[in-house]
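Okay, so here's the structure we're looking at.
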Amino acid sequence: MTAYDFDMDSLCIEALELIDRERYTEQLYEDGMHTVLKYGIACCQKQCKVMCIQDKLRMF
């Protein structure tokens with residue numbers, strides 16, 4: 001893994017963490033969604049990296 005790859009990975013992870021921190025999925029769950037796909041995307045020049053996490057509503 002190069003330093004460039006590490007930076008792209010960390011930026012994708014940071015984007016995914018932002019989704020949780022800002023609670024962007026709350027309204028989707030309130031509207032009846034049970035599964036949400038979260039995408040973290042990092043772009044630099046002609047390179048792009050995408051990470052995806054599937055999040056499911058947890059009913060207790």
Side-chain angles (χ1 to χ4, degrees):
M1 179 184 324
T2 66
Y4 178 76
D5 292 333
F6 178 77
D7 288 340
M8 297 288 275
D9 286 344
S10 63
L11 289 171
C12 285
I13 291 168
E14 186 178 328
L16 290 166
E17 289 172 348
L18 179 68
I19 293 170
D20 291 332
R21 191 169 52 248
E22 296 295 326
R23 300 181 179 163
Y24 290 135
T25 59
E26 277 187 11
Q27 187 63 49
L28 296 171
Y29 291 128
E30 289 174 10
D31 290 345
M33 296 289 173
H34 296 283
T35 303
V36 174
L37 296 176
K38 301 176 190 177
Y39 290 91
I41 302 171
C43 299
C44 181
Q45 297 177 356
K46 293 184 178 183
Q47 299 291 322
C48 184
K49 180 147 190 144
V50 179
M51 290 185 178
C52 179
I53 293 177
Q54 181 178 356
D55 194 26
K56 292 187 177 187
L57 179 64
R58 293 167 195 87
M59 296 183 167
F60 298 98

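Computed from a predicted model, the values in this text were never measured in an experiment.
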In short, G40 meets C12 closest at the heavy-atom pair O-SG, 3.5 Å
Do I19 and M51 sit in the same hydrophobic cluster, where Ile, Leu, Val, Met, Phe, Trp and Tyr count as joined when their side-chain heavy atoms come under 4.5 Å apart?
-> yes
Can you check whether L11 reaches K49 side chain to side chain, under 4.5 Å on heavy atoms?
-> no
When rounded to the nearest 0.5 angstrom, what distance separates CD in E26 from CE in M33?
-> 15.5 Å
Following the transitive rule for hydrophobic clusters with a side-chain heavy-atom cut-off under 4.5 Å over Ile, Leu, Val, Met, Phe, Trp and Tyr, establish whether I53 and I13 coincide in one cluster.
-> yes
If you group Ile, Leu, Val, Met, Phe, Trp and Tyr by side-chain heavy-atom gaps below 4.5 Å, do L16 and Y24 land in one group?
-> yes
Consider only side-chain heavy atoms of I, L, V, M, F, W and Y, link residues closer than 4.5 Å, and tell whether I41 and L37 are in one cluster.
-> yes
Spacing of T25 atom OG1 and E30 atom CD [to the nearest 0.5 Å] = 9.5 Å
